[in-house]
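What follows is one structure encoded as structure tokens, with my remarks underneath.
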Amino acid sequence: LLKRDDFLGDYKGIAEKFLNISVNYEYGRQFSNMCRFKLHAVRSYSFGPYFPQTFDNLMARAEDIYDLNSIKKPQRVILIERSHKPLSANRTGGQWIKTGSFIRSIGNHQELKEALSRRYGDDFINVVLEDMPFDEQIALFKNASIVIGQHGAGMCNIAWMANKRASVLELPATRFPTFKHMCLAKQIDYRVIYRKWRKEDSAEYRVDIGQVMGILDSIDTRLTSGS
């Protein structure tokens with residue numbers, strides 16, 4: 001929903017494949033205007049709860065479009081790293097705004113990544129999703145057992161998770177229950193580290209590595225026991 005068709009980039013092709021429509025700025029503006037008239041309904045569905053069949057239909061469509069066997073041995077434990085690209089186009093007037101790690105990040109992400117790598121070895125992957133083709137994202141999350149990440153667009157890949165014994169850990173939660181509701185609809189275990197939200201430190205959050213490892217102890221036990 002940007003000012004020029006050029007800015008739609010890869011998302012233009014993805015949307016056209018999934019929706020079987022031609023996507024351009026004018027279409028986006030019409031959709032945006034419609035949303036303003038139906039704001040409460042749109043907001044409600046944006047944060048959930050969701051219908052389980054929504055995600056089933058999405059996966060069925062993805063399997064029609066892409067070869068999801070492209071990753072031979074996908075890692076089962078995923079840590080999402082927010083993009084370090086500084087700018088993105090805004091929906092209003094073509095202005096430029098900061099996104100990704102510039103608005104929210106894990107201050108000790110490298111420490112967390114190293115701890116997870118030691119724990120899970122070759123089963124672990126740290127991903128910057130903006131650098132990964134969309135079909136590879138779907139294939140990776142489809143086979144995931146554990147997904148860890150901050151609240152943000154990358155966590156929407158929960159939609160592709162197929163393992164009903166999988167777990168999602170959100171670091172930390174926000175006041176929007178989007179991913180809790182996604183996990184509920186997909187019957188996936190949802191874990192979260194809560195903290196009191198403060199505007200002054202919202203841009204960078206330092207995770208307690210010991211707390212994360214304790215939660216993962218519980219998740220790993222659940223995965224191995226099959227409960």
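Between Arg82 and His109, every side-chain heavy-atom pair lies at or beyond the 4.5 Å cut-off. Residues Met59 and Leu68 form a side-chain contact, since some pair of their non-hydrogen atoms from C-beta on lies under 4.5 Å apart. Put simply, the side chain of Met161 reaches to within 4.5 Å of the side chain of Ile158, judged on heavy atoms. No side-chain heavy atom of Asp135 sits less than 4.5 Å from a side-chain heavy atom of Asp67. A 4.5 Å side-chain heavy-atom check between Tyr190 and Leu184 finds every atom pair outside the cut-off. Side chains of Gln75 and Val127 form no contact here, defined as non-hydrogen atoms less than 4.5 Å apart. By the 4.5 Å heavy-atom criterion applied to side chains, Leu216 and Ile148 are counted as neighbours. Phe141 is listed as a side-chain neighbour of Leu129, based on a closest heavy-atom distance under 4.5 Å.
The two atoms that bring Asp131 and Pro133 nearest to each other are O-CD, 4.1 Å, heavy atoms only. Ala185 approaches Pro52 most closely through the heavy-atom pair O-CB, 3.4 Å. Contact record, Gly154 with Ile80: O-CD1, 3.7 Å, taken as the closest heavy-atom pair. Closest of all the heavy-atom pairs between Ile188 and Ala166 is CG2-O, 3.3 Å.
Shown here is Asp122, whose CG atom has no more than 12 heavy atoms of other residues, nucleotides or ligands within 6.0 Å.
In this structure, Ser117 contributes its side chain and Lys113 its backbone to no donor-acceptor pair below 3.5 Å. Between the Lys164 side chain and the Lys186 main chain, a donor and an acceptor come within less than 3.5 Å of each other.
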Evaluate side-chain contact (heavy atoms from CB on, under 4.5 Å) for Val192 paired with Lys180, printing each intermediate quantity in order.
-> CA-CA 9 Å; Val192 63; Lys180 177 181 178 180; over 6 Å; no
Could you walk me through whether Asn157 and Val147 pass side-chain contact (heavy atoms from CB on, under 4.5 Å), step by step?
-> CA-CA 9 Å; Asn157 282 287; Val147 171; over 6 Å; no
Taking it one step at a time, do Val168 and Phe179 satisfy side-chain contact (heavy atoms from CB on, under 4.5 Å)?
-> CA-CA 9 Å; Val168 170; Phe179 305 115; 5.5 Å; no
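For the atom pair CE of Met182 and OG1 of Thr54, the computed distance is 10.0 Å after rounding to the nearest 0.5 Å. Here Ile146 contributes atom CD1 and Leu169 contributes atom CG; the two are 9.0 Å apart, rounded to the nearest 0.5 Å. We find the CG-OG distance between Asp220 and Ser218 to be 9.0 Å, quoted to the nearest 0.5 Å. To the nearest 0.5 Å, atom CH2 of residue Trp160 and atom NZ of residue Lys142 are 11.0 Å apart. One finds the CG atom of Asp208 at 10.5 Å from the CG atom of Leu112 (value rounded to the nearest 0.5 Å). Taken to the nearest 0.5 Å, the CZ atom of Arg191 stands 7.5 Å off from the CD1 atom of Ile215.
With sequence neighbours left out, the ring-ring contact (aromatic ring centres under 6.0 Å, His included) criterion links Phe55 to Tyr50.
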